[in-house]
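For reference, the structure is listed below as structure tokens.
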Amino acid sequence: RDSLNPEFNKDMVFKAGESQGKSGSFFFFSKDQKFIIKTMTDSDFNAFMRIQKFYFREINKRPNSLLARIYGIYSVRMDEQEPVKLIVMGNSKFA
């Protein structure tokens with residue numbers, strides 16, 4: 001329940017810049033390591049929106065699939081900054 005609680009994860013959020021991937025996206029693990037939170041570019045978001053029906057159909061048909069489990073995509077806006085798209089995925093280590 002506390003896995004995604006902002007209060008418990010604020011240190012991880014501030015360390016996200018240290019975990020910049022090849023794509024330039026930032027990612028971090030939730031404090032309990034059960035989830036991976038990653039920023040999405042508009043291109044990432046649009047690509048996922050094109051395949052989402054197929055993705056969820058496959059996940060439901062094949063519960064033992066090795067595909068990453070996506071639990072949500074969010075748009076977060078803080079103060080006057082541009083919104084940031086985030087994808088929340090399960091850490092396969094805990095699958």
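Because only heavy atoms are used, hydrogens play no part in the values below, and waters and symmetry mates are left out as well, while side chains stay in. For the single chain, residues carry numbers from 1 onward in sequence order.
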Just by distance, with hydrogens left out, do Ser43 and Asn46 show a side-chain donor and acceptor under 3.5 Å apart?
-> no
Kindly state whether the ring of Phe35 and the ring of Tyr71 have centres lying under 6.0 angstrom apart.
-> yes
Going from CD on Gln52 to CZ on Phe45, what distance comes out if it is rounded to the nearest 0.5 angstrom?
-> 8.0 Å
Residue pair Lys38, Ile87: steps toward the side chain to side chain contact (heavy atoms under 4.5 Å, CB included) verdict | CA-CA 5 Å; Lys38 178 182 173 290; Ile87 185 168; 3.8 Å; yes
Does Asn91 reach the main-chain N or O of Lys93 with its side chain, forming a donor-acceptor pair under 3.5 Å?
-> yes
Could you check if a side-chain atom of Met40 sits within less than 4.5 angstrom of a side-chain atom of Ile73, using non-hydrogen atoms only?
-> yes
Hey, are Asp44 and Lys85 close enough for a salt bridge, meaning a charged N less than 4.0 Å from a carboxylate O?
-> no
State, to 0.1 Å, how close Arg69 and Pro63 come at their nearest heavy-atom pair, and which atoms those are.
-> NH2-O, 2.5 Å
Give the cluster check for Phe48 versus Phe54: same hydrophobic cluster or not, with ILVMFWY residues linked at side-chain heavy-atom distances below 4.5 Å.
-> no
Separation between NZ (Lys53) and CD (Glu58), nearest 0.5 Å, reads 15.0 Å
Kindly give the heavy-atom pair with the smallest separation between Tyr55 and Ile70, and that separation in Å.
-> OH-N, 2.8 Å
Examine Leu66 and Ile59 and state if one hydrophobic cluster contains both, with Ile, Leu, Val, Met, Phe, Trp and Tyr joined whenever side-chain heavy atoms are less than 4.5 Å apart.
-> no
Rounded distance (nearest 0.5 Å) linking atom CD1 of Ile36 with atom OG of Ser92 = 6.5 Å
Side-chain heavy atoms of Phe27 within contact of Thr39, under 4.5 Å | no
